[in-house]
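In what follows, every heavy atom counts, from backbone to side chain, and hydrogens, waters and symmetry copies are set aside. The first residue of the sequence shown is numbered 1, and numbering continues consecutively from there.
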Amino acid sequence: MAQKKTSSDIYDEAARWVARRDRAPLSEAEEQAFRAWLGSDVRCLGAFTKTHAIMVDADKARALHTLGGVALRSSATRRRLLWAGGGLAAAASVGGVMLANYDNLFPTVLASAKGEIRRLLLSDGSTVILDTESSVSLHFTPSLRSLALLQGRALFEVAKDGARPFVVAVADMHLTTEAATFAIRRDAADLVRVLVKDGSVRLQRAASGKASVLTANSLTTTSASAAAVQPELETVSLKPEEIGRRLSWRQGLLSFNDQTLASAIDEFARYGATRIILDEPSLAQETVTGLFSATDPHGFARAVAAAFHARVSDRGDEIHLYR
């Protein structure tokens with residue numbers, strides 16, 4: 001008779017599976033082995049989800065503690081380095097992983113609150129990460145894994161399933177893959193951005209039927225309108241480190257690289273009720289580069305003020321910057 005596994009054994013196995021899934025999509029054989037492991041003991045699923053959540057928190061902590069400084073640049077040539085200090089202490093609320101079993105007859109809508117980063121482990125082994133104020137609908141059937149991005153931004157870490165393609169709808173487009181890691185954002189300007197970290201994704205517009213294959217380490221931007229003028233897609237290749245920077249929101253962090261102060265402030269507004277107001281219009285086009293907690297606009301404003309010889313005034317739910 002086989003010796004019964006201890007809880008310690010199961011957690012060790014869970015850690016190995018979490019680490020393996022984080023490196024790259026599983027092969028078909030590995031995916032079958034993973035599913036077999038999940039079904040081998042009632043404790044496996046709980047151990048996997050808890051270990052995954054712990055490692056997410058660890059990634060977030062490393063991002064905060066290894067930050068050497070925050071650089072802010074003006075549109076001129078001067079450059080200053082500001083130490084983060086306690087400015088990154090309050091990152092966005094990153095929720096733990098929850099199991100979502102959506103093999104049913106009716107679509108299910110999942111949403112995140114303002115300032116919340118929500119992680120969901122789906123019944124097929126895939127993971128969906130919702131950015132602040134984002135929502136998706138899911139409808140899994142025996143032949144199809146169907147989702148739709150309703151608003152905001154989501155990252156999809158797709159587990160391979162040869163019997164069921166993984167399809168995400170956004171605007172009039174459908175993005176289909178067997179196994180990939182990719183993020184979709186629909187912003188206020190009605191643009192859709194698709195960032196592919198690994199694997200490949202097939203994008204097809206419903207109106208024209210035109211299809212394109214989006215490959216790893218790429219960013220594609222297109223209009224959400226079915227009547228968009230040509231060219232429909234604008235795709236650029238990105239280095240892996242740039243992909244990581246653009247996905248820092250998963251840890252509740254905002255990463256800026258020569259971004260105007262005005263647009264950086266708009267990003268902060270997505271995560272909380274406190275608004276940063278520029279009383280000095282000339283500050284709007286100053287550019288910032290650095291890593292900041294998404295829910296610490298006060299720390300960001302103080303760093304900006306120090307870099308650009310400005311002053312900060314807190315007025316309730318408004319932070320005013322002026323000279």
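Side-chain contact check for V167 versus L175: every heavy-atom pair is 4.5 Å or farther apart. Residues V213 and V201 fail the side-chain proximity criterion, which asks for heavy atoms closer than 4.5 Å. Side-chain contact between V158 and F182 is present, with at least one heavy-atom pair separated by less than 4.5 Å. At a threshold of 4.5 Å between non-hydrogen side-chain atoms, the residues H174 and V168 do not count as touching. The shortest side-chain heavy-atom distance between T127 and F156 does not fall under the 4.5 Å cut-off. The shortest side-chain heavy-atom distance between M173 and V192 falls under the 4.5 Å cut-off. Contact of the R246 side chain with the L238 side chain is registered, since non-hydrogen atoms from C-beta on lie closer than 4.5 Å. Contact of the L122 side chain with the F140 side chain is registered, since non-hydrogen atoms from C-beta on lie closer than 4.5 Å.
Proximity of a side-chain donor or acceptor of D296 to a complementary backbone N or O of S293 within less than 3.5 Å is not detected. In terms of modelled atom types and a separation under 3.5 Å, the side chain of S112 and the main chain of S134 share a donor-acceptor contact. The main-chain N or O of A159 is found under 3.5 Å from a side-chain atom of S126 such that the two form a donor-acceptor pair. Between the side chain of R193 and the backbone N or O of A183, no donor-acceptor pair lies under 3.5 Å. For the pair E13 (side chain) and I10 (backbone), a donor-acceptor distance under 3.5 Å is absent. Although no hydrogens or angles enter the test, the distance criterion places a donor-acceptor pair under 3.5 Å between the side chain of R118 and the main chain of A111.
With 3.5 Å as the limit, one finds a donor-acceptor pair spanning the side chains of R205 and T222. Side chains of S248 and S255: a donor-acceptor N/O pair is absent below 3.5 angstrom, by distance only. With hydrogens and angles left out, the side-chain atoms of Y271 and D131 include a donor and acceptor closer than 3.5 Å. Of the N and O atoms on the side chains of S263 and T260, at least one donor lies less than 3.5 Å from an acceptor on the other residue.
By the rule that hydrophobic residues join a cluster once side-chain heavy atoms approach within less than 4.5 Å of another member, V136 and L150 end up as members of separate clusters. Under the 4.5 Å side-chain contact rule for hydrophobic residues, V236 and I243 share a cluster. Linking ILVMFWY residues whenever their side-chain heavy atoms come closer than 4.5 Å, directly or via other members, places L219 and I129 in the same cluster. Criterion: ILVMFWY side-chain heavy atoms under 4.5 Å apart, direct or through other members. Under it, L254 and L247 are part of a common hydrophobic cluster. Note on V18 and L38: same hydrophobic cluster, where clusters join Ile, Leu, Val, Met, Phe, Trp and Tyr whose side-chain heavy atoms are under 4.5 Å apart, directly or indirectly.
Scored by the side-chain contact (heavy atoms from CB on, under 4.5 Å) test, S146 finds L144 as partners (sequence neighbours excluded). Taking H320 as the reference, I277, D279, S313, R315, E318 meet the side-chain contact (heavy atoms from CB on, under 4.5 Å) condition, with sequence neighbours excluded. Qualifying side-chain contact (heavy atoms from CB on, under 4.5 Å) partners for A179, counting only residues two or more places apart in sequence or in other chains: P25, K160.
Looking at every heavy atom in both residues, L130 comes nearest to A154 through CD2-CB, 3.9 Å. In terms of heavy-atom proximity, L283 sits nearest to A310 at CD1-CB, 4.3 Å. Annotation for S143 and P165: closest pair O-CD, 3.6 Å, computed over non-hydrogen atoms. Nearest heavy atom pair, residue V312 against residue A301, reads CG2-O, 3.7 Å. The shortest non-hydrogen separation linking A224 to D172 is O-OD1, 4.1 Å. Considering all non-hydrogen atoms of both residues, E280 and S282 come closest at OE2-OG, 2.9 Å.
Interatomic distance, OG1 of T220 versus CG of L233, reported as 6.0 Å (0.5 Å rounding). With values rounded to the nearest 0.5 angstrom, F256 atom CZ is found 9.5 Å from R245 atom CZ. The CG atom of L138 lies 8.0 Å from the CG atom of L120; values are rounded to the nearest 0.5 Å. Annotation: the span from L253 atom CG to L291 atom CG amounts to 4.5 Å, rounded to 0.5 Å. Residue D190 holds its CG atom at 6.0 Å from OG of S223, rounded to the nearest 0.5 Å. The line from CZ of R186 to CD of Q151 is 10.0 Å long, rounded to the nearest 0.5 Å.
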Practice task
Test side-chain contact (heavy atoms from CB on, under 4.5 Å) on V196 and T215 and set out the steps.
Solution key: CA-CA 6 Å; V196 182; T215 56; over 6 Å; no

Exercise for the section: Please lay out, stage by stage, how R145 and D161 fare under the test side-chain contact (heavy atoms from CB on, under 4.5 Å). Expected result: CA-CA 9 Å; R145 296 174 290 173; D161 184 341; 3.6 Å; yes

Practice task
Test I184 against R153 for side-chain contact (heavy atoms from CB on, under 4.5 Å), laying out the working first.
Solution key: CA-CA 6 Å; I184 308 174; R153 173 165 54 186; over 6 Å; no

Exercise for the section: Show the numbers, then the answer: is there a side-chain contact (heavy atoms from CB on, under 4.5 Å) between L147 and F166? Expected result: CA-CA 8 Å; L147 303 92; F166 192 98; 3.3 Å; yes

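Ion pairing between a basic and an acidic side chain is recognised when a charged N comes within 4.0 Å of a carboxylate O; R270 and E133 show no such pairing. With respect to the salt-bridge test (charged N to carboxylate O, under 4.0 angstrom), the residues R16 and E30 do not qualify. R275 and D317 are not joined by a salt bridge, as no carboxylate oxygen comes within less than 4.0 angstrom of a charged side-chain nitrogen. Using a 4.0 Å cut-off between a side-chain N of Lys or Arg and a carboxylate O of Asp or Glu, E157 and K197 do not qualify as a salt bridge. Salt bridge status for E242 with K239: absent, with no side-chain N to carboxylate O gap under 4.0 Å. No salt bridge links D124 with R164; every basic N to acidic carboxylate O contact stays at or beyond 4.0 Å.
More than 12 heavy atoms of other residues, nucleotides or ligands shown are found within 6.0 angstrom of CZ on R20.
Using bins of under 30°, 30° to 60° and over 60° for the plane-to-plane angle, the ring pair W17/W37 lands in the tilted bin.
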